[in-house]
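See structure below.
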Number of protein chains: 2
Amino acid sequence: MSAEASGTIPPQLQLDNQLCFPLYAASRMMTRLYQDKLAPLGLTYPQYIVMMILWERAPCAVKVVSERAMLNTNTLTPLLKRLEQQGLIARRRDTADERVVVLYLTELGRRLRDDCECIPEALLSSLAVQEGDLLQLKEILHRLLPALSGQVDEGVE
Amino acid sequence: MSAEASGTIPPQLQLDNQLCFPLYAASRMMTRLYQDKLAPLGLTYPQYIVMMILWERAPCAVKVVSERAMLNTNTLTPLLKRLEQQGLIARRRDTADERVVVLYLTELGRRLRDDCECIPEALLSSLAVQEGDLLQLKEILHRLLPALSGQVDEGVE
DNA sequence: TTTAATTATATCGTGCGCGATATAATTGCG
DNA sequence: CGCAATTATATCGCGCACGATATAATTAAA
């Protein structure tokens, strides 16, 4: 059960030197914290993200949600069907362009927003972290995200 | 297809004001970038994380990997079986304590490290982002992660 | 020293994520 | 007009994540 001498590992492969791992782990931990608050409302975390987009944009096409959430239809279609089954949204083909599926909020879906309002603040304030760190993190991520997604699309086009 | 007036949305629920969403999105984008480099090696991103831990610690118990990666056995057991099938690791019950499964690197698994060495640097340097942002991001995440995981465990014990 | 807690791992079910591919509607071009 | 691109959504398959639960081995405690 002895550990390998850590000097033999190239520094760029040590977990502590990685950026990707804390990003990955922090994202999962954050999601778990949200799930605790969302589960009583019957929402998963990705569903909550989609609902936030719909609270801003509905009625709108699936495409709009797809671009904003950076999720493809292979993820969104089943997720949206589940939201529909829960009675939070309605999905209808656009009569003008039958390719487009338009998403509408139901009254239930609209009301759910009230229950979600307090979640982000309650969650972040319970973290034993400097307020400044959270603000700075958000700023850096807002700069990083376009760079990342630009790099991701590069191979596609 | 008109958008709801954005003034009606409470500011704490606007996607742009959230910390959780850019964290979630950035993590996924980063994972995708890694997948591009890892796929030719036959590795997924979570498998790569586990291999990094094993390069540091093997031979070691599943428990060690579980704590370091912050992943439970319901995720790890199938993942480790796949690594074993690929001939990268071996899994054997500890004779001293039959509850423990000890993970060993095979020669193939050890050699894979050489192919992975260049990945993190190649990846990060291709990002159109200030070097300082990446360093600062890493620092903040290293402070945030314990706060997050502490909050996550709180309900468990 | 039986027996009750604890520990380490495994299993099950559900819901993402995403690469690859399919399908149908619309647009554009000769 | 006719037909080839393009666009919007859907489907399929696999591998995570994770809550809940199970099982077997070890330790602790009465």
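Letters A, B, ... mirror the listed sequences (proteins, then strands); counts begin at 1. When reading the values below, keep in mind they use all heavy atoms of this one structure, side chains included, and skip hydrogens, waters and symmetry mates.
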Original post:
Which of these passes side-chain contact (heavy atoms from CB on, under 4.5 Å) with L83(A): L76(A), L105(A), L88(A)?
Top reply: L88(A)
Report the distance from atom [atom1] of [X] to atom [atom2] of [N], rounded to the nearest whole Å.
X       : N       : atom1 : atom2 : answer
D97(A)  : dT9(D)  : CG    : P     : 8 Å
R93(B)  : dA25(D) : CZ    : P     : 8 Å
N72(A)  : dT11(D) : CG    : C1'   : 13 Å
R91(B)  : dT9(C)  : CZ    : P     : 10 Å
L148(B) : dC18(D) : CG    : P     : 12 Å
D94(A)  : dT7(D)  : CG    : C1'   : 13 Å
K63(A)  : dT6(D)  : NZ    : C1'   : 11 Å

Evaluate the side-chain proximity of [Y] to [X]: yes if any heavy-atom separation is below 4.5 Å, no if none is.
X       : Y       : answer
L148(A) : L127(B) : yes
V100(B) : V102(B) : yes
L103(B) : P59(B)  : no

**OP:** Tell me what A69(A) touches on the nucleic acid: a base, only sugar-phosphate, or nothing, going by heavy atoms under 4.0 Å.
**Re:** nothing
**OP:** Could I get the full list of side chain to side chain donor-acceptor pair (under 3.5 Å) partners for D115(B), not counting sequence neighbours?
**Re:** none
**OP:** Taking side chain to side chain donor-acceptor pair (under 3.5 Å) as the test, write out the residues that go with E84(A), two or more places apart.
**Re:** R91(A)
Original post:
Looking at the side chain of T75(B), which of dA17(D), dT9(D), dT9(C) is the nearest nucleotide?
Top reply: dA17(D)
Subject >> DNA chain C contacts among residues 20-49 of chain B, heavy-atom distance under 4.0 Å >> reply: Y24(B), R28(B), R32(B)
Subject >> Interface residues of residues 76-88 of chain B with DNA chain C (non-hydrogen, below 4.0 angstrom) >> reply: T77(B), K81(B)
Subject >> M70(A) vs E98(A), nearer the 5' end of DNA chain C by closest nucleotide >> reply: M70(A)
Original post:
Going through the checks in order, is the side-chain contact (heavy atoms from CB on, under 4.5 Å) test met by C116(A) and L41(A)?
Top reply: CA-CA 9 Å; C116(A) 292; L41(A) 305 176; 3.8 Å; yes
Name the pairs: protein N/O against N/O of nucleotides 20-22 of chain D, kept only if under 3.5 Å.
{"from": "dA20(D)", "atom 1": "N6", "to": "N74(B)", "atom 2": "ND2", "distance (Å)": "3.4"}

**OP:** Could you tell me whether the side chain of R99(A) has a donor or acceptor atom within less than 3.5 Å of a complementary atom in the base of dT7(D)?
**Re:** yes
Subject >> Test salt bridge (Lys or Arg N to Asp or Glu O under 4.0 Å) applied to R93(A) - qualifying residues, sequence neighbours left out >> reply: none
Subject >> Pairwise distance OH(Y24(A)) to OH(Y48(B)) - rounded to 0.5 angstrom >> reply: 12.5 Å
Subject >> Atom CD of Q130(A): over 12 foreign heavy atoms under 6.0 Å >> reply: no
**OP:** Could you tell me whether E121(A) atom CD has more than 12 heavy atoms of other residues or ligands within 6.0 Å of it?
**Re:** no
Original post:
Does dT9(D) have OP1 or OP2 sitting under 4.0 Å from an N or O in the side chain of R92(A)?
Top reply: no
Original post:
Between R68(A) and D16(B), is there a side-chain N and carboxylate O pair less than 4.0 Å apart?
Top reply: yes
